[in-house]
Amino acid sequence: AGIVFFVKTIDKFVEAEPETHINREIVTQMDRLNNQLTGGTNSQQQGNSTFTYGTVDGTSYYSQLSGISFRAPSDWSLTSYAESIPSSSPKDLTASSGNMSASVIIQYENMKMYGYKSLDDAVNSVISIAESQNNSIVDKNAQTKWGGNMFKGVIYKKELMAGYATYYEVVCTQIGDYCLKITLSASSDSELSIVRSYFG
């Protein structure tokens, strides 16, 4: 008789979940079942919005849905989720630098499912999470424009150990029924600015 080992992999990109989002696993399972029954495709109708995954080519990403583009240096690794069954709040991209000092997460959160009545609710949720984890707030009024969309959010610093910290910028905009949330992380404020420059 052989021995079977079960190995659980953990996503290296971990982000705090909003407190309002308690039924994610149930909704995800319902999405999977619905896609199995309907034949499942690479897009999903949500109210008046049809979600479509962005495309990755080497170290470049482009979303036709949002108009967002991301072009990283050759040592970056990009992961597309386009082959996944879309959930109600699909992750579209994760990316990390070659030395793992910087990363990017692009995710769409269903406004209704997260309890967001407006984009301000989404931004306030991000700020609340950052403050509740005792992070140092750098800027509560971070704003940027990518792909013709105005984003707003927060920049904060997480102290890891004496002399070491990670800087985060989390910005949001509304795309149809979704809050498009982009999370950047870097080892310094200057590196964060460099990562920001990869977007268009």
Minimum heavy-atom separation for [X] and [Y], please, with both atom names.
| X | Y | result |
| --- | --- | --- |
| Cys172 | Val126 | SG-CG2, 4.1 Å |
| Glu159 | Ala165 | OE1-CB, 3.9 Å |
| Val56 | Gly58 | CG1-O, 3.7 Å |
| Ile175 | Asn149 | CD1-OD1, 3.6 Å |
| Gly147 | Ile68 | N-CD1, 3.9 Å |

Less than 4.5 Å apart, any side-chain heavy atom of [X] and any of [Y]?
| X | Y | value |
| --- | --- | --- |
| Lys157 | Asn135 | no |
| Ser89 | Met113 | yes |
| Tyr164 | Ser187 | no |
| Thr79 | Leu93 | no |
| Val138 | Glu169 | no |
| Pro90 | Tyr178 | yes |
| Val154 | Ile137 | yes |
| Ile106 | Leu180 | yes |

Can the ring centres of Trp76 and Phe70 be said to be less than 6.0 Å apart?
->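 Yes, the ring of Trp76 comes within the 6.0 Å limit of the ring of Phe70, centre to centre.
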
Answer with yes or no after comparing the ring centroid distance for Tyr81 and Tyr53 against a 6.0 Å cut-off, counting only values under it.
->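 Not under 6.0 Å, so no.
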
Answer yes or no: is there a donor N or O on one side and an acceptor on the other, between the side chain of [X] and the main chain of [Y], under 3.5 Å?
| X | Y | value |
| --- | --- | --- |
| Ser128 | Ser125 | no |
| Ser97 | Ala102 | yes |
| Gln174 | Gly176 | yes |
| Thr59 | Ala72 | yes |
| Asp139 | Ile155 | no |

Is it the case that more than 12 heavy atoms not belonging to Lys140 sit under 6.0 Å from its NZ atom?
->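 Open.
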
Going hydrophobic residue to hydrophobic residue with side-chain gaps under 4.5 angstrom, can you get from Leu184 over to Met150?
->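 No, because Leu184 and Met150 fall into different hydrophobic clusters, even though each may have its own neighbours under 4.5 Å.
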
Euclidean distance, [Y] [atom2] relative to [X] [atom1], rounded to 0.5 Å:
| X | Y | atom1 | atom2 | answer |
| --- | --- | --- | --- | --- |
| Asn124 | Ser118 | CG | OG | 7.5 Å |
| Thr144 | Lys152 | OG1 | NZ | 14.0 Å |
| Tyr156 | Ile129 | OH | CD1 | 8.0 Å |
| Cys179 | Asp121 | SG | CG | 10.0 Å |
| Gln64 | Thr55 | CD | OG1 | 8.5 Å |

Distance-only side-chain donor-acceptor flag, [X] / [Y], under 3.5 Å:
| X | Y | value |
| --- | --- | --- |
| Glu191 | Ser101 | yes |
| Glu109 | Tyr116 | yes |
| Ser185 | Ser103 | yes |
| Asp57 | Tyr62 | no |

Residues 119-154 vs ring-ring contact (aromatic ring centres under 6.0 Å, His included), sequence neighbours excluded, gives Trp146-Phe151, Trp146-Phe199

